[in-house]
Amino acid sequence: MVDDLGYEGIGSYGGTSYSTPNIDKLSATGIQFNQAYAQPLCTNTRVKLMTGKYNYRNWTAFGILDPSQKTFGHLMQDAGYATCMVGKWQLQSYDPVDYPGSEYRRDTGMKVEDAGFDEYSLWHTAHTEDKGSRFADPTIYQNGKFLDNTEGKYGPDIFSNYLNDFINRQDDDKPFFVYYPMALTHDPFSPTPDSKKWNDKEMRFENDTSNFKDMVEYTDKIVGNIIENLEQKGIREETLILFYSDNGTHQTIHSNVGDKVIKGGKGLTIETGIKVPFIANWPGQIEAGKKTDEFIDAIDFLPTILETAGQEIPKDFLTDGQSFLPILKGEPAKRRDWVYMSYNPKPGVGKDHFHPAEFVLNKGYKLYGDGRFYNIERDKLEQKPLLETDISLETLKIKKRFKKVIDSLKKYPSYGHIERIDPAFDSLVSKHARIDLVAEGFNWSEGPVWLPREKTLLFTDVPENKVYQWNDLKGLSLYMQPSGYTGPKIEPWTKGGKGANGLGVDSKGNLFLCQQGDRVISKLVSLKDSLHPEFEPIITNYKGLKFNSPNDLTFDKQDNIYFTDPSYGLKKAKSDIGFNGVYFYNKKTKEVVLLDKTIKNPNGIAISHDNKTLYIGDSTPAYPKIFAYNILSQGKIANRRLLFDATALREASKSKQSPDGIKLDKHGNLFFAGPDGVLVITPEGKHLGTIKTDKSTGNCEFTHDGRYLFIVSDDMLLRVNLRPYAK
């Protein structure tokens with residue numbers, strides 16, 4: 001499997017920039033697939049290839065293979081094959097120490113010793129900063145130890161020589177399986193031993209696209225050496241060779257196909273990022289010179305390899321792939337006539353400019369999970385989405401069929417809908433945005449807060465006295481219990497609010513909780529495990545009197561706290577203070593200042609990005625409104641004014657809900673939980689649109705990059721990709 005080489009780099013596919021006679025001969029004497037696809041980036045493809053599963057089933061992070069997974073190496077070992085892997089690993093640990101969140105991913109992947117290969121000779125088997133060179137003077141980990149004699153040598157030569165040596169050492173009566181994920185033709189674009197520059201030792205580490213031609217041609221040379229070795233051992237006719245690539249060519253490379261210039265598309269979901277060469281060659285078994293439009297995906301290799309070995313897929317092993325062995329043998333086969341991809345390049349250093357995507361395609365059309373639909377035969381760069389009003393009934397059938405495919409395979413089901421009131425809404429919530437239901441089964445979900453380093457959402461279940469955590473890698477799990485009431489066990493709970501409600505994180509990453517059961521705002525100081533959190537009460541009273549039930553909080557730029565204290569958590573219990581209030585807590589002086597006690601039920605709270613405006617939501621059923629105040633100085637507000645009146649919307653809604661939690665996007669627009677979902681209004685109070693849940697909704701939260709919005713809605717956790725349009 002070549003690294004970073006699209007179909008345009010191979011002569012048999014029409015490429016004219018590079019000489020690839022050995023690969024071309026494989027095509028001429030075997031079968032060439034003209035509709036073969038890979039993920040846009042290498043780890044995505046290699047995880048998919050080795051496990052036979054769509055990425056949404058087992059993707060964790062870039063450069064990581066979940067150690068609990070079973071690879072085709074394990075399965076071929078079980079089938080009695082001697083197994084060997086040479087080339088590029090990069091599946092154990094990827095992020096350097098200083099990359100945000102790396103501490104949660106470093107060294108969490110699969111070790112090469114556990115990957116299902118009897119022997120190996122590999123590059124990049126540990127941390128990113130220790131990986132060394134893959135080309136000149138390479139760092140290579142071979143069968144449990146690093147080679148110490150690689151000076152002056154070339155990595156791809158060491159890999160291919162070891163591969164050939166492994167083959168030559170095998171007994172005639174024991175079959176073997178070799179996996180060679182090549183280091184070529186990935187950058188750095190360096191000279192090869194066949195390059196004139198190689199003779200100058202200082203030039204061997206050059207990174208210049210002018211060397212790419214030599215790298216492609218050296219790849220072809222290695223393929224030829226492997227074939228020649230099989231012939232010399234006398235087992236060429238017994239050996240099936242599969243030649244593939246992990247993604248398209250690097251974006252800095254331009255190659256010729258006839259009179260056309262093709263720009264590499266690595267990392268992108270357009271054709272040049274995902275369409276790759278695939279050739280199968282097996283003398284006497286495959287008809288020579290055959291070409292096919294049969295669709296091939298990385299998931300298909302594992303079941304094909306097993307079937308070729310005469311093995312059934314284990315009953316406890318799930319694969320999404322379909323064997324293409326019948327195609328190789330010229331036999332009839334009912335296989336899918338489309339390719340589906342679930343692509344997530346993150347998290348991982350250097351991947352921030354790539355974006356997740358989900359799509360299905362055939363030779364002519366492509367549908368993304370966010371609704372974009374293209375004629376990719378005519379519009380290869382995907383510049384003009386097709387509108388349903390402009391396509392034929394036959395094409396519409398294809399789109400509907402593709403949608404069914406996506407709906408059957410996507411990780412999360414869709415939920416709710418989006419109501420667009422003003423054209424300005426489209427720049428905030430894309431027309432292609434979709435609401436995903438990512439978790440459910442809560443009593444009443446509340447208080448979401450995003451942890452950017454961990455790329456994890458925390459949120460509360462107030463009646464259950466719990467805080468949950470969720471991320472796209474591991475899904476849902478308990479973060480802590482208890483969360484809001486920490487006293488002696490009381491069953492059944494007879495008071496009001498039990499658990500924490502609103503959560504907040506200060507500039508140093510400390511978690512603060514509005515603890516309704518204890519009627520204080522506390523800081524989490526220790527979490528040895530999910531059942532033993534330790535809290536430090538920070539804001540405990542106002543003038544010696546207990547709060548009602550602290551509900552929501554927000555921080556200013558100095559980490560002072562603004563918070564609301566309605567009586568919802570008290571239920572029928574009597575208030576010690578005697579009113580519902582909005583407060584300010586001075587971090588330095590520890591002073592608690594009452595800002596307003598005239599709002600009947602203050603709930604959601606937020607501060608403008610310039611720290612000049614305070615927003616408060618009133619949850620009173622008869623008076624559902626959002627107010628704005630000027631912040632004059634710390635602990636001083638003035639000029640209360642009505643920003644938005646939700647009375648009419650509440651009366652017309654299914655949920656009959658008043659304003660709840662409030663969050664601001666990067667433009668200062670308010671996203672607040674209200675009647676039937678999350679309403680979006682401008683800082684001037686203009687209603688732009690609503691993300692409709694059609695049920696009671698507590699709050700929402702943005703990810704650090706503003707791309708995703710999480711919504712806690714009664715018993716559900718929802719997620720909206722606000723800006724999915726990215727190639």
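Heavy atoms only: backbone and side chains are in, while hydrogens, waters and symmetry mates are out.
For the atom pair CE (Met203) and CG (Asn199), the distance works out to 11.0 Å, reported to the nearest 0.5 Å. Going from atom CG of Asp172 over to atom NZ of Lys233 covers 5.5 Å, rounded to the nearest 0.5 Å. Atom OG of residue Ser133 and atom CZ of residue Arg204 lie 11.0 Å apart, to the nearest 0.5 angstrom. Distance check, rounded to the nearest 0.5 Å: CG of Leu75 to CD of Gln311 gives 9.5 Å. The line from CG of Leu5 to NE2 of His186 is 12.5 Å long, rounded to the nearest 0.5 Å. Taken to the nearest 0.5 Å, the OH atom of Tyr179 stands 12.5 Å off from the SG atom of Cys84.
A salt bridge does not link Lys201 to Glu151: none of the charged side-chain nitrogens sits closer than 4.0 Å to a carboxylate oxygen. Ion pair Asp297/Lys48 flagged as a salt bridge, since at least one NZ, NE, NH1 or NH2 atom sits closer than 4.0 Å to an Asp/Glu carboxylate oxygen. For the pair Lys329 and Glu307, the salt-bridge criterion is not met [side-chain N within less than 4.0 Å of a carboxylate O]. The existence of a salt bridge linking Lys70 and Asp316 is excluded, since no basic side-chain nitrogen approaches an acidic carboxylate oxygen closer than 4.0 Å.
Checking side-chain atoms of Asn362 against main-chain N and O of Asp337 turns up no donor-acceptor pair under 3.5 Å. Checking side-chain atoms of Thr20 against main-chain N and O of Gly11 turns up a donor-acceptor pair under 3.5 Å.
Heavy-atom minimum distance, Asp214 versus Ser195: OD2-OG, 2.7 Å. The two residues Ile299 and Pro303 make their nearest non-hydrogen contact at O-CD, 3.2 Å. For the residue pair Thr304 and Ser323, the shortest heavy atom distance occurs at OG1-CA, 3.3 Å.
Each of Trp123, Phe159, Trp198 was scored for a ring-ring contact (aromatic ring centres under 6.0 Å, His included) with Tyr154, with one residue passing: Trp198. Under the side chain to side chain donor-acceptor pair (under 3.5 Å) test applied with Gln39, the options Asn55, Asn44, Thr45, Asn247 reduce to a single match, Asn55. Across Tyr340, Tyr56, Tyr343, Tyr54, a single residue satisfies side chain to side chain donor-acceptor pair (under 3.5 Å) together with Glu358, and that is Tyr340. Under the side-chain contact (heavy atoms from CB on, under 4.5 Å) rule, Lys221 has a single partner from Asp157, Asp194, Ile226, which is Asp194. Evaluated for a side-chain contact (heavy atoms from CB on, under 4.5 Å) with Ile23, the options Asp220, Asn281, Val216 yield exactly one hit, Asp220.
Looking at residues two or more places apart in sequence or on another chain, you find a ring-ring contact (aromatic ring centres under 6.0 Å, His included) between Phe212 and Tyr18, Phe189. Applying the ring-ring contact (aromatic ring centres under 6.0 Å, His included) test to Trp338 and every residue at least two apart in sequence or in another chain returns nothing. A search for ring-ring contact (aromatic ring centres under 6.0 Å, His included) contacts involving Tyr141 returns Tyr120, Phe146, not counting sequence neighbours. Partners of Tyr37 under the side-chain hydrogen bond (donor to acceptor under 3.5 Å, both in side chains) rule, at least two apart in sequence or in another chain, are Gln35. With sequence neighbours left out, the ring-ring contact (aromatic ring centres under 6.0 Å, His included) criterion links Phe301 to Tyr244, Phe278, Phe324. Applying the side-chain hydrogen bond (donor to acceptor under 3.5 Å, both in side chains) test to Arg335 and every residue at least two apart in sequence or in another chain returns Glu294, Asp300.
Counting only heavy atoms from C-beta outward, the side chains of Thr209 and Ile253 approach each other to under 4.5 Å.
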Problem set entry | Residue pair Tyr162, Asn143: steps toward the side-chain hydrogen bond (donor to acceptor under 3.5 Å, both in side chains) verdict | CA-CA 11 Å; Tyr162 191 89; Asn143 297 329; 2.6 Å; yes

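Counting only N and O atoms by type, the side chains of Tyr104 and Asp95 include no donor and acceptor under 3.5 Å apart.
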